[in-house]
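Just so it is clear, the values below take in all heavy atoms, side chains as well, and ignore hydrogens, waters and symmetry mates. Chain naming here is simple, since letters A, B, ... match the order of the sequence lines and numbering starts at 1 in each.
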Amino acid sequence: MRIGELARRTGVSERALRYYEEQGLLIPQRLPSGYRVYGETDVAVVRRIRILLAAGLNTARIQEILPCIVDEDGWLTPDCPELVDALRQQRNRIDDAIGELETTRANLDTIIGAGRRAS
DNA sequence: GTTCTCACA
DNA sequence: TGTGAGGA
C-alpha cells in the first residue's frame with residue numbers, strides 16, 4: 001500500500017510517516033516513481049511506534065528496541081531485556097522530572113507566599 | 001487525485 | 001509536525 005492508505009489505516013499523518021522513515025523506524029519500498037510502498041505488517045509497526053512514542057521514548061531509542069517487540073492484542077509484549085531496560089530507564093527519567101517540577105513549584109510557593117492568594 | 005521534496009509568517 | 005509551493 002502507499003503512504004495515503006497507511007495513513008488512513010493507522011490514523012497517523014503522512015507527514016509523520018515520512019518522518020518515521022527519516023528516523024529509520026520504517027523502511028518502505030520504493031516504486032520507480034519514487035512513491036513509498038508499505039507492507040501489511042507496517043500497520044502493526046506504526047502502532048508499536050505510536051505506543052513507544054506515547055511512552056516518552058525518542059525515535060533513536062525506539063529504533064533500537066522496535067525489533068524486540070511482539071504484537072499482542074494491540075499491546076506490546078517485551079520480548080527481550082533491552083526493551084524492559086529502556087522502559088525502566090524511561091520510568092526513572094519521569095521520576096526525576098517530577099522531582100524537579102516539585103522543587104520548582106516549591107520555589108514558586110516561597111516567592112508567591114504559600115497559601116496566600118496571589119494578586 | 002496522489003505522492004514527492006523542500007522550506008518556513 | 002503542520003502547511004504550502006512547484007513538479008511528476
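Other residues sharing a hydrophobic cluster with A:Ile94 under the 4.5 Å side-chain heavy-atom criterion for ILVMFWY residues are A:Ile98.
Protein atom CZ of A:Arg18 is 12 Å distant from nucleotide atom P of B:dC6, rounded to whole Å.
Interatomic distance, CG of A:Asn58 versus CG of A:Leu52, reported as 10.0 Å (0.5 Å rounding). In this structure, CZ on A:Arg91 lies 14.5 Å from CZ on A:Arg93, to the nearest 0.5 angstrom. Interatomic distance, A:Ile112 CD1 to A:Asn107 CG, rounded to the nearest 0.5 Å: 11.0 Å. Taking CD from A:Glu5 and OG1 from A:Thr10, the interatomic distance works out to 10.5 Å, rounded to the nearest 0.5 Å. Taking CG of A:Asn92 as the reference point, atom CG of A:Asp95 lies at 6.0 Å (rounded to 0.5 Å).
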* Structure fact -> Dot-bracket for DNA chain C, 5' to 3', Watson-Crick and G-U pairs with both distances under 3.5 Å, [ ] for crossing pairs, | for partner on another strand, reads .|||||.|
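In the hydrophobic clustering of this structure, A:Val12 does not group with A:Tyr35; members are Ile, Leu, Val, Met, Phe, Trp, Tyr whose side-chain heavy atoms approach within less than 4.5 Å, directly or through other members.
The side-chain heavy atoms of A:Asp85 and A:Ile65, taken from C-beta on, include no pair separated by under 4.5 Å. The side-chain heavy atoms of A:Leu17 and A:Asp42, taken from C-beta on, include no pair separated by under 4.5 Å.
Using a 4.0 Å cutoff on non-hydrogen atoms, the parts of residues 3-16 of chain A near DNA chain C are A:Ser13, A:Arg15, A:Ala16, ordered by number. In the region residues 20-32 of chain A, proximity to DNA chain B at under 4.0 angstrom, judged on heavy atoms, holds for A:Arg30.
The 5' end of DNA chain C is approached more closely, in terms of each residue's nearest nucleotide, by A:Leu53 than by the other of A:Tyr35 and A:Leu53.
For the OP1/OP2 pair of B:dT3 and a distance below 4.0 Å, the side-chain nitrogens and oxygens of A:Arg36 include no atom meeting the criterion.
For the pair A:Ala7 and A:Ser13, the tightest heavy-atom approach, listed with the atom from each and the gap, is CB-C, 4.4 Å.
On the nucleic acid side, DNA chain C has its first and last nucleotide under 4.0 Å of a heavy atom of chain A at C:dT1 to C:dA8, going 5' to 3'.
With A:Gln90 contributing its side chain and A:Gly56 its backbone, the two residues share a donor-acceptor pair below 3.5 Å.
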* To do: Show your reasoning for whether side chain to side chain donor-acceptor pair (under 3.5 Å) applies to A:Gln89 and A:Arg61.
  => CA-CA 11 Å; A:Gln89 279 180 36; A:Arg61 180 65 87 225; 3.2 Å; yes
Please report, to 0.1 Å, the donor-acceptor pairs under 3.5 Å made by any side chain of residues 19-28 of chain A, with sequence neighbours excluded.
from	atom 1	to	atom 2	distance (Å)
A:Tyr20	OH	A:Arg50	NH1	2.9
A:Glu21	OE1	A:Arg36	NH1	2.5
A:Glu21	OE2	A:Arg30	NH2	3.4
A:Gln23	OE1	A:Thr59	OG1	3.0

